[in-house]
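One structure below.
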Amino acid sequence: MRSTTGLSWKWTALLCLFGTLLCFITPAASVKEHDFKKCHQSGFCKRNRDFADNAISESSTWISPYNVLPDSAAFQDGQLRATILKTINSNGETVRLPLTFSFLKSGLARVTLDEEKRQKKDIELRHNSQARKERYNEAEKWVIVGGLDLDKEAVVVHQDNAQINVKYGQDGKHEAVIKFSPFEVEFRRDGVSHIKLNDRGLLNLEHWRPKIEQAKAEKSEGETNDGESTAEADAANGEDESTWWDEAFGGNTDTKPRGPESIALDVSFLGYEHVYGIPEHTGPMSLKQTRGGDGNFEEPYRMYNADVFEYILDSPMTLYGSIPFMQAHRQGSSVGVFWLNAAETWVDIVKTKDSVNPLSLSKSAKTSTRTHWISESGILDLFVFLGPTPKDLTTKYGELTGYTALPQEGAIGHHQCRWNYVSDDDVKDVDRKMDKFKIPYDVIWLDLEYTDDRKYFTWEPNMFADPYSMGQQLDSHGRKLVLLIDPHIKKLDDYTVSKQMVSQELAVLNKDGNIFDGWCWPGNSNWIDCFNPKALEWWKTLFKYDFFKGTMPNTFIWNDMNEPSVFNGPETTMPKDNLHYGGWEHRDVHQLNGMTFHNATYHAMLSRSKGELRRPFVLTRAFYAGSQRLGAMWTGDNQADWGHLAASLPMVLNQGISGFPFAGADVGGFFGNPDKDLLARWYQAGAFYPFFRAHAHIDARRREPFLLGEPYTSIATAALRLRYSLLPAWYTAFYHANKDGSPIVRPMFWTHPSEEGGFAIDDQLFVGSTGLLAKPVVEQGKESADIWIPDDEVYYDYFTYNMLKTQRGKSITVDAPLDRIPLLLRGGHIFPRRDTPRRSSTLMKFDDYTLVVSVAKSGAAEGELYVDDGDSFEHEQGQYIHRKFMLDKGTLTSVDAEGREPGSVKPKTWLTAMKEVYVDKIILVGAPSTWNKQEVQIESEGRTWTVRAQYHPADKGRAAYVTLGHVGARIGEDWTIKLS
């Protein structure tokens with residue numbers, strides 16, 4: 001949430017006292033762009049863009065000043081170490097930069113570059129700063145969880161004084177060609193070049209130099225001190241020092257005790273026109289160019305987690321979270337890079353037509369994408385992925401940074417939220433009315449106002465006087481409660497949480513080493529420093545049931561404002577010269593900050609009493625690479641308009657391919673009052689978000705589905721029931737995301753990587769591996785949908801079983817009146833459903849299953865079901881069911897997907913109860929006439945019995961289909977049905 005309209009009179013009075021906060025007490029139509037930096041207002045971004053402009057304008061004479069010392073290059077056990085010399089002036093002075101290439105068993109290559117002088121702490125800090133002297137090099141501790149084993153079979157295949165070639169990866173198919181003078185790297189797969197580093201000569205590591213005050217410089221004229229001569233040479237070379245040492249913006253000044261220290265590099269994707277990733281931004285999934293021109297951006301994509309409320313559309317402007325993982329794709333090939341740097345980062349993108357080789361059989365020029373990555377501080381730490389498929393990239397990225405947490409099962413249901421339900425009675429009333437109108441939901445949320453005077457871990461004593469009874473009513477219906485907990489702690493002497501944090505020295509410090517004070521929702525606040533291991537242990541104590549009284553096992557948590565949001569801070573966030581645990585400046589770790597808070601809450605929620613161990617559900621707004629291990633995210637404070645509905649689909653899809661697929665947008669829009677058509681369409685779209693939450697601002701009209709009136713209540717309810725019937729398929733998709741990083745909702749280029757027509761499509765999606773193809777309607781007044789078809793397979797309408805007249809690479813138009821979601825069944829898939837309407841997923845836990853089979857043109861189909869107790873970690877001890885369903889030559893079978901032998905796992909409570917859960921119905925769409933029987937035989941558990949069959953012949957465009965009723969096979973057992 002993010003606004004100040006609708007605040008209490010007390011808050012309004014407080015805010016009026018502070019002129020710096022006046023912008024927060026006036027209604028805003030949209031984000032104030034001038035409150036956030038553009039590249040030319042960010043010193044390090046401007047310097048590096050200017051550096052690039054100079055290099056490119058002098059391309060015929062430009063020579064990168066970075067050269068590898070040939071004698072320093074030493075290769076051993078899959079790792080190459082060398083030293084780069086950076087020439088820093090016309091006198092030939094140099095600085096030494098340690099370089100490491102690590103070739104990994106996974107087929108990835110890692111490139112790191114540091115600065116020897118800072119590495120050895122051989123520098124002086126300004127302002128008597130207590131900050132660390134090194135470049136920040138600890139992001140790996142928070143982000144990387146695996147995949148770093150060196151490829152000791154990697155070999156040097158060529159080495160001389162000009163370059164070294166290393167072959168690595170499976171069967172040595174990957175090759176790195178490292179050129180020494182100037183430094184440049186070319187990555188090849190199967191002998192073909194895919195990625196180049198520094199081929200445009202834009203590598204720029206700003207080395208340390210002392211600040212020479214003008215008066216001192218005059219006194220020292222003629223002196224030959226290395227540091228002084230370097231600084232004087234910089235000035236002589238005409239470099240702009242205006243933001244090297246201090247930088248002002250929006251009334252705040254950032255002191256820079258280490259001086260300029262940015263790191264930049266150009267990365268070229270050769271022959272790749274489409275690049276994706278680097279969320280979170282609005283705009284198309286296939287990223288735009290950023291150097292101007294028709295339809296392009298003028299600004300680089302910015303990654304600097306910030307509280308950007310009512311964000312604008314189609315913009316490279318920073319938002320709440322960031323993942324510096326970029327993928328490039330062309331027909332039949334995907335590659336990527338992961339820029340592991342936790343400081344503010346900007347990325348420029350340009351696309352160029354490659355010259356055509358006159359000897360080539362192909363006379364058409366290919367497009368290459370050339371990117372320029374710029375970070376304010378830290379080391380260069382880059383991972384190179386050579387694919388070759390989109391799935392390879394997401395799998396390998398997940399191996400590095402972790403796969404999506406397997407969530408609480410209820411977390412993938414419908415969440416009902418607003419800022420704020422006003423009392424525990426209000427919550428109970430909403431809960432009762434959802435039941436009265438037979439509207440399913442799993443979770444209801446409480447925003448800021450449940451607390452006592454905005455003190456987290458407390459309850460407002462008048463309006464939430466009996467939180468236990470509220471939690472108990474929800475629990476009796478199988479539902480959960482989510483509470484807001486933010487990282488700012490109200491500064492108050494008699495507030496236990498504040499006293500403990502201050503006395504134990506667990507808060508973020510300012511540049512002088514004192515506890516940092518800032519403003520957020522509670523007023524004057526301090527921020528927990530979750531980089532501190534002691535802070536993590538303390539944080540766990542606050543969530544114990546005996547401390548956070550009023551909470552129950554069905555209580556979960558929402559972490560908001562964790563960018564962090566600081567109302568009176570620069571760009572509404574924390575000063576960069578603040579200090580964190582270990583002496584690191586906030587500038588070094590800003591992107592990680594939200595994840596460390598998310599991480600602290602996740603671990604606090606694992607066990608809230610002795611002997612308890614349960615899967616947490618924790619939503620975060622700020623995130624970074626690795627946050628997917630901890631819970632869900634949402635796209636922040638959107639608006640109730642059609643543009644924001646449309647923008648949500650590429651944003652959610654981009655999250656999925658970037659390793660964080662448990663993503664969604666506020667259904668209905670956070671700010672404003674959606675008209676009922678918009679709200680109906682948003683529920684239909686939300687049914688296809690992995691994270692499905694309706695949310696609204698405190699000033700928005702109440703809009704729970706039961707308040708909409710007909711036909712809108714029925715339309716929203718139908719979308720919700722569709723989601724709930726498909727929960728087994730959604731949970732199976734989450735299982736795959738947890739195992740191999742597969743996106744939960746999948747764009748066309750990911751599922752069909754050879755179909756060029758789909759590379760830029762970002763408004764339709766497949767749900768996991770179900771073959772369900774959805775195209776939510778996101779335009780006002782639109783009553784049809786154009787769905788692009790990626791292949792020659794047969795497609796059926798999900799609701800009518802009509803066989804659609806499709807053509808590979810072409811779009812078809814389907815009717816989509818307001819009460820209809822465009823949803824197709826792709827032939828060749830089998831997916832599970834649960835068809836009995838219930839009020840929550842918990843109450844569906846032991847319902848029987850329906851299997852839907854969409855028969856391919858070949859007559860075959862396959863699919864999966866994964867299910868566990870949806871709450872504990874007992875699945876890690878084998879307490880789960882994982883089935884593979886196959887249709888082949890008229891025989892439908894179910895087998896254990898992992899080949900586990902019957903009885904190989906001793907069942908505990910949940911798995912024992914699942915013994916009495918059955919396949920109740922099977923629907924086979926696209927059935928041939930040979931299946932026209934009144935009954936079929938099924939074999940399972942050593943028995944054979946007959947199942948009633950009802951054959952429905954093709955009729956007026958509808959495909960023939962068969963319904964098998966009361967099948968009676970246990971869902972966890974093998975079975976076989978002969979259909980012909």
Next item on the list: Dump the intermediate steps for ring-ring contact (aromatic ring centres under 6.0 Å, His included) on Phe662 and Phe734, then the final yes or no.
Entry: CA-CA 8 Å; Phe662 198 179; Phe734 271 88; 4.8 Å; yes
Checklist line | Derivation of the side chain to side chain donor-acceptor pair (under 3.5 Å) call for Lys428 and Ser469 | finding: CA-CA 9 Å; Lys428 293 176 188 177; Ser469 68; 2.7 Å; yes
Next item on the list: Verify side chain to side chain contact (heavy atoms under 4.5 Å, CB included) between Val482 and Arg693, making sure each step is shown before the conclusion.
Entry: CA-CA 12 Å; Val482 166; Arg693 182 182 74 156; over 6 Å; no
Check: Stepwise, does the salt bridge (Lys or Arg N to Asp or Glu O under 4.0 Å) test hold for Arg702 with Asp426?
Finding: CA-CA 12 Å; Arg702 296 287 284 257; Asp426 190 10; 3.0 Å; yes
Next item on the list: Go through Lys540 and Glu537 one step at a time and tell me if the salt bridge (Lys or Arg N to Asp or Glu O under 4.0 Å) criterion holds.
Entry: CA-CA 5 Å; Lys540 291 178 184 177; Glu537 292 306 309; 3.3 Å; yes
Next item on the list: Take Thr572 and Asp307, measure what side chain to side chain donor-acceptor pair (under 3.5 Å) needs, and give me the verdict at the end.
Entry: CA-CA 6 Å; Thr572 326; Asp307 182 355; over 6 Å; no
Notebook entry, point to check: Hey, mind stepping through Val566 and Phe516 against side chain to side chain contact (heavy atoms under 4.5 Å, CB included) and telling me if it holds?
Noted result: CA-CA 11 Å; Val566 182; Phe516 169 69; 4.1 Å; yes
Margin query: Set out, in order, the CA-CA distance, both residues' side-chain angles and the distance that settles side chain to side chain contact (heavy atoms under 4.5 Å, CB included) for Ile485 and Thr601, then state yes or no.
Written below: CA-CA 9 Å; Ile485 300 285; Thr601 305; 5.6 Å; no
Next item on the list: Starting from the C-alpha separation in whole Å, work towards a yes-or-no answer on side chain to side chain donor-acceptor pair (under 3.5 Å) for Asn559 and Thr620.
Entry: CA-CA 5 Å; Asn559 287 160; Thr620 185; 5.7 Å; no
Next item on the list: Take Lys433 and Asp429 through the test salt bridge (Lys or Arg N to Asp or Glu O under 4.0 Å) and record every step on the way to the result.
Entry: CA-CA 6 Å; Lys433 286 178 178 172; Asp429 185 57; 3.1 Å; yes
Note to self: side chain to side chain donor-acceptor pair (under 3.5 Å) for Thr253 and Asp246? Distances and angles first, verdict last.
What the structure shows: CA-CA 7 Å; Thr253 298; Asp246 301 277; over 6 Å; no
Check: Between Glu247 and Lys576, does a salt bridge (Lys or Arg N to Asp or Glu O under 4.0 Å) hold up when you go through it step by step?
Finding: CA-CA 11 Å; Glu247 186 167 357; Lys576 289 181 175 179; over 6 Å; no
Note to self: Between Thr458 and Val497, is the side chain to side chain contact (heavy atoms under 4.5 Å, CB included) condition met? List the steps.
What the structure shows: CA-CA 10 Å; Thr458 69; Val497 176; over 6 Å; no
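Taking the centre and axis of the six-membered ring of Phe706, the NZ or CZ atom of Lys436 falls outside the cone set by 45° and 6.0 Å.
Distance CG/Leu492 to CZ/Arg454: 14.0 Å, rounded to 0.5 Å. The CG atom of Asp442 sits 12.0 Å away from the CD1 atom of Ile444 when rounded to the nearest 0.5 Å. How far CG of Asp666 is from CG of Asn638: 5.0 Å, rounded to the nearest 0.5 Å.
Gln416 places no side-chain N or O within donor-acceptor distance of the main-chain N or O of Ala694, the cut-off being under 3.5 Å. For the pair Gln628 (side chain) and Gly402 (backbone), a donor-acceptor distance under 3.5 Å is present. At least one donor-acceptor pair closer than 3.5 Å links the side chain of Asp424 to the backbone N or O of Asp466. Of the possible polar contacts, one joining the Asn305 side chain to the Ser322 backbone as a donor-acceptor pair under 3.5 Å is found. Side chain of His644 to main chain of Tyr311: a donor-acceptor pair is present (N/O by atom type, distance under 3.5 Å, no hydrogens or angles). Between the Ser525 side chain and the Gly523 main chain, a donor and an acceptor come within less than 3.5 Å of each other. Judged by distance alone, the side chain of Asn420 and the main-chain N or O of Asp447 form a donor-acceptor pair under 3.5 Å. At distances below 3.5 Å, at least one donor-acceptor pair connects side-chain atoms of Thr551 with backbone N or O atoms of Phe548. Without hydrogens or angle criteria, Tyr320 side chain to Glu280 main chain gives no donor-acceptor distance under 3.5 Å. Of the possible polar contacts, none joining the Asp529 side chain to the Ala535 backbone as a donor-acceptor pair under 3.5 Å is found.
Side-chain rings of His598 and Phe623 stay apart, their centers remaining 6.0 Å or farther from each other. Taking the six-membered ring for Trp and the full ring otherwise, Phe457 and Trp539 have centroids separated by under 6.0 Å.
At least one side-chain heavy atom of Leu536 sits less than 4.5 Å from a side-chain heavy atom of Asn599. Counting heavy atoms from C-beta on, the side chains of Met651 and Leu319 come closer than 4.5 Å. You'll find the side chain of His590 reaches within 4.5 Å of the side chain of Pro564, heavy atoms only.
Here the closest non-hydrogen pair linking Leu708 and Lys676 is O-NZ, 2.7 Å. Heavy-atom minimum distance, Thr713 versus Pro705: OG1-O, 2.6 Å. Contact record, Asp588 with Ala342: O-CB, 3.3 Å, taken as the closest heavy-atom pair. Shown here for Gln130 and Asp512, the closest heavy-atom pair between the two residues is NE2-O, 3.2 Å. For the residue pair Pro461 and Ala465, the shortest heavy atom distance occurs at O-CB, 3.4 Å. Across Ser498 and Lys491, no two heavy atoms sit closer than the pair OG-CA, 3.9 Å.
Shown are Tyr441, Phe692, Phe617; of these, the ring pair (Phe, Tyr, Trp, His ring centres under 6.0 Å) with His415 is made only by Phe617. When Arg587, Gln591, Arg302 are each tested for a side chain to side chain donor-acceptor pair (under 3.5 Å) with Glu344, only one passes: Arg302. Of the listed residues (Trp558, Trp445, Trp634), just one forms a ring pair (Phe, Tyr, Trp, His ring centres under 6.0 Å) with His695, and that residue is Trp558. A side-chain contact (heavy atoms from CB on, under 4.5 Å) with Phe531 holds for exactly one of Glu138, His580, Lys141; it is His580.
No hydrogens or angles considered: a donor-acceptor pair under 3.5 Å links the side chains of Asp486 and Tyr456. Side-chain atoms of Asn578 and Glu585 include no donor-acceptor pair closer than 3.5 Å.
Residues satisfying the side-chain hydrogen bond (donor to acceptor under 3.5 Å, both in side chains) criterion with Glu612, sequence neighbours excluded, are Tyr545.
Crowding of Arg701 atom CZ: a count of heavy atoms from other residues, nucleotides or ligands under 6.0 Å not exceeding 12. Counting heavy-atom neighbours within 6.0 Å of Gln500 CD, excluding the residue itself, gives a total above 12.
The aromatic rings of Phe670 and Trp419 lie parallel to each other, with less than 30° between the two planes, well short of the 60° mark.
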